[in-house]
Amino acid sequence: MQADTSRVRYSSNTLQRAQRALSCSPFCLILFGDMLRQSVSLSEIGGKNGLKNGYTKQKISDTLVEAELVWLIQTGLLRREVDGQGLTDSFRLTPLGRKIITNYKKEGDNFPKPTPSNRLANFTSRWLKLKI
């Protein structure tokens with residue numbers, strides 16, 4: 001059963017940071033559309049599989065994919081899936097992620113291209129997050 005996230009209020013800064021992180025990520029909207037319905041494993045996103053599944057714009061190593069997914073976790077968009085043994089290598093959307101992806105899916109088939117200032121702001125946010 002899905003929780004109703006329509007009543008959750010997020011600050012404009014939170015929404016802007018999350019949207020910026022998505023547009024700067026190497027992932028395509030179809031990945032997050034699939035994450036609306038189910039968890040997606042790292043092995044489906046990285047390497048040749050990511051390209052074949054339409055999840056990435058180019059072939060990306062599993063190490064880079066995981067680093068990008070961790071950043072999306074830190075921005076509040078994703079969470080790691082948990083099973084009876086603990087954390088898995090699968091990822092799902094959070095309520096914030098569901099809200100943003102649902103809005104993007106209504107508007108079209110992809111994220112807007114990030115501007116140079118968006119790329120700089122995303123890089124700075126990531127760098128500062130690592131320094132904290």
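Heavy atoms only: backbone and side chains are in, while hydrogens, waters and symmetry mates are out.
Rounding to the nearest 0.5 Å gives a distance of 12.0 Å between SG of C28 and CG of L22. Note that NZ of K52 and CD of E44 are 9.5 Å apart. Values are rounded to the nearest 0.5 Å. Rounded to the nearest 0.5 angstrom, R9 CZ and T14 OG1 are separated by 14.0 Å. Within the model, atoms CG of L69 and CZ of R80 stand 8.0 Å from one another, a figure rounded to the nearest 0.5 Å. Note that CH2 of W71 is 6.0 Å distant from CD of Q74, once rounded to the nearest 0.5 Å.
In the model, S61 has no side-chain atom that pairs as donor or acceptor with a side-chain atom of T63 under 3.5 Å.
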Show your working on side chain to side chain contact (heavy atoms under 4.5 Å, CB included) between L96 and L15 and close with a plain yes or no.
CA-CA 8 Å; L96 172 62; L15 291 169; 3.7 Å; yes
Audit row: L93, L78, side chain to side chain contact (heavy atoms under 4.5 Å, CB included) steps and yes/no:
CA-CA 4 Å; L93 292 172; L78 299 179; 3.5 Å; yes
Run the numbers on M35 and I45 for side chain to side chain contact (heavy atoms under 4.5 Å, CB included), then give the verdict.
CA-CA 11 Å; M35 286 182 180; I45 304 169; 4.2 Å; yes
Does the pair R119 and K113 meet the rule for a side chain to side chain contact (heavy atoms under 4.5 Å, CB included), with working shown?
CA-CA 10 Å; R119 287 196 184 277; K113 283 193 165 210; over 6 Å; no
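Considering Y104, F111, F91, Y55 in turn, F111 is the only one that fulfils the ring-ring contact (aromatic ring centres under 6.0 Å, His included) rule with F32.
The minimum heavy-atom distance linking C24 with N118 is given by the pair SG-O, 3.8 Å. Closest approach of R92 to R98, counting heavy atoms only: NH2-NH2, 3.9 Å. Counting all heavy atoms, side chain and backbone alike, L72 lies closest to T75 at O-OG1, 3.0 Å. Here the closest non-hydrogen pair linking D62 and G46 is OD1-CA, 3.3 Å. Closest heavy-atom contact between P26 and I60: CB-CD1, 3.4 Å. Residues V40 and D34 share a closest heavy-atom pair of CG2-CB, 4.2 Å.
Panel note: side chain T94, backbone L77; a donor-acceptor pair is recorded below 3.5 Å. In this structure, the side chain of T102 does not engage the main chain of K99 through any donor-acceptor pair within 3.5 Å.
Looking only at side-chain heavy atoms (C-beta outward), E68 and R126 come within less than 4.5 Å of each other.
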